[in-house]
Amino acid sequence: MQISTEPLIYGLIFIGVYALVGGIYLVAFGKSISLNSRVNRRLDMLDKGAGREQVLEQLRKEMQQHMKSKSIPLYSLLAEKAQKAAIAFSPAQLIMIMGLLSVLAFVGLSIGTSADTPIRVAISCAIGVGAVYMWVNNKAKKRMGMIEEQLPDAVELMVRSLRVGHPFVSAIQIVAKEVEDPIATEFGIISDESAYGRDVGEALKEMAERLDMQDLRFLAVAVTIQQQSGGNLAEVLAGLAKVIRARFRLFRRVKAITAEAQWSGKFLSGFPLACLLFILVNDPNYYDAVLDHPYFIPACFFVGIMLTLNLIVMRVLTNIKV
């Protein structure tokens with residue numbers, strides 16, 4: 001029995017390229033920027049001797065540079081994800097990395113496979129762009145999940161600070177110093193901006209829009225209303241913290257309930273592809289008798305479209321807003 005190793009080589013090259021993206025990021029910016037690090041990046045930059053204004057400028061540049069480059073055709077695919085992930089790579093650097101990884105993937109495919117040159121070029125570009133997109137998307141999901149989990153604790157810490165007599169700006173500074181990243185750096189930026197004269201409510205609103213998080217919008221609205229009409233901000237934020245925790249629990253519950261349907265859709269779309277791969281590995285010539293049939297290529301496109309529609313429909317059905 002003849003066994004083809006090309007599908008395995010494609011998978012190994014993609015995994016290697018994906019791992020290389022994270023390796024380049026850590027080499028370029030160090031472990032302090034990793035989501036797994038407990039170091040507050042803003043405080044770490046200040047401890048290394050950087051001025052407060054310089055740190056604020058650097059962090060704001062990293063957080064705003066991606067959406068400013070959304071007009072770039074290729075980069076528009078991951079601009080929003082890169083902004084939410086606060087990727088320190090500039091758009092030009094990410095595009096260069098895509099190109100470099102595509103070249104490396106092409107070299108690997110040229111060495112390990114015997115596919116035609118146009119096919120190798122297309123697969124190499126797909127691997128380079130796809131690996132960077134998956135890496136950025138994974139970073140964005142992790143970071144947003146951590147912010148959602150940290151936000152109730154941060155709001156409750158502000159409530160305790162307000163109740164002992166601290167002004168709201170000082171409460172934000174306490175959050176920036178006492179809470180772990182990523183939310184500590186986000187609130188540290190607001191603290192620095194308010195120190196240079198920016199309105200706190202406006203800074204919170206911009207952060208909520210940049211991260212596209214509904215709970216942060218609630219916080220920005222509560223602070224803005226209190227600034228305009230007065231009232232006990234500590235009590236308002238205490239109630240908001242309870243609402244955020246309740247929404248977070250409800251979101252997790254909905255996610256658990258819809259997990260079966262989501263994985264069913266993925267399985268139903270992935271199982272035919274897994275069977276196809278298994279058949280080709282065991283018998284690479286299995287489809288040789290029908291390759292020249294006029295309906296073979298249209299049938300392949302039809303199956304691919306149906307599998308994609310299955311994923312889209314299941315995603316729509318399980319995308320319940322909380």
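All figures in this text were calculated on a predicted structure; none of them were measured in a lab. Reckoned from all heavy atoms, side chains included, excluding hydrogens, waters and symmetry mates.
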Hydrophobic clustering (ILVMFWY, side-chain heavy atoms < 4.5 Å, transitive) - are M96 and L100 grouped together? no
V303 and M306, any side-chain heavy atoms less than 4.5 Å apart: no
Is there a side chain to side chain contact (heavy atoms under 4.5 Å, CB included) between L237 and L219? Walk through the geometry before answering. CA-CA 8 Å; L237 294 184; L219 176 61; 3.5 Å; yes
Do T224 side-chain atoms and A220 backbone N/O form a donor-acceptor pair below 3.5 Å? yes
Decide yes or no on salt bridge (Lys or Arg N to Asp or Glu O under 4.0 Å) for R252 and E148, but give the supporting numbers first. CA-CA 11 Å; R252 287 293 179 89; E148 289 175 352; over 6 Å; no
A171 versus S161, closest heavy-atom pair with distance: CB-CB, 3.8 Å
Check whether V221 and L216 end up in the same hydrophobic cluster, where Ile, Leu, Val, Met, Phe, Trp and Tyr are linked by side-chain heavy atoms less than 4.5 Å apart. no
D153 with R245: basic N within carboxylate O range, under 4.0 Å: yes
Point-to-point distance, once rounded to the nearest 0.5 Å, from NZ of K142 to CE of M146: 9.5 Å
Test of understanding: with side chain to side chain donor-acceptor pair (under 3.5 Å), list the residues that count as partners of R217, not counting sequence neighbours. E209, D212, Q214
Closest non-hydrogen atom pair, A241 against P152: CB-O, 4.3 Å
Evaluate the criterion side chain to side chain contact (heavy atoms under 4.5 Å, CB included) for residue pair I147 and M213; output intermediate values, then yes/no. CA-CA 9 Å; I147 291 177; M213 186 179 296; 3.5 Å; yes
Contact summary for P182 and Q150, nearest pair of heavy atoms: CD-OE1, 3.3 Å
I172 and V175: CA distance, side-chain angles, deciding distance, side chain to side chain contact (heavy atoms under 4.5 Å, CB included) verdict: CA-CA 5 Å; I172 291 179; V175 172; 5.6 Å; no
Keeping the roles fixed (side chain from S124, backbone from F106), state whether a donor-acceptor pair exists under 3.5 Å. yes
Closest contact, heavy atoms only, V164 versus H166: CG2-CD2, 3.4 Å
Point-to-point distance, once rounded to the nearest 0.5 Å, from CH2 of W135 to NZ of K139: 5.0 Å
From the list I244, L240, V243, V155, side chain to side chain contact (heavy atoms under 4.5 Å, CB included) with D215 holds only for I244
For a 4.5 angstrom cut-off between non-hydrogen side-chain atoms, does F187 reach L204? yes
Do Y133 and N138 pass the side chain to side chain contact (heavy atoms under 4.5 Å, CB included) test, and can you show the C-alpha distance, the side-chain angles, and the key distance before you say yes or no? CA-CA 8 Å; Y133 180 84; N138 185 47; over 6 Å; no
To the nearest 0.5 Å, tell me how far R143 CZ sits from I183 CD1. 9.5 Å
Can you sort out the partners of E206 under side chain to side chain donor-acceptor pair (under 3.5 Å), two or more places apart, ordered by chain and number? Q64, R198
When hydrophobic residues are tied together by side-chain contacts of less than 4.5 Å, even through go-betweens, does I225 share a cluster with V200? no
Could you tell me whether R210 and E186 make a salt bridge, using a distance below 4.0 angstrom between a side-chain N and a carboxylate O? yes
Nearest-0.5 Å distance, CZ of residue R247 to CZ of residue F218: 5.0 Å
Going from CE on M207 to CD1 on I190, what distance comes out if it is rounded to the nearest 0.5 angstrom? 3.5 Å
With rounding to the nearest 0.5 angstrom, report the CG to CD1 distance, L162 to I174. 8.5 Å
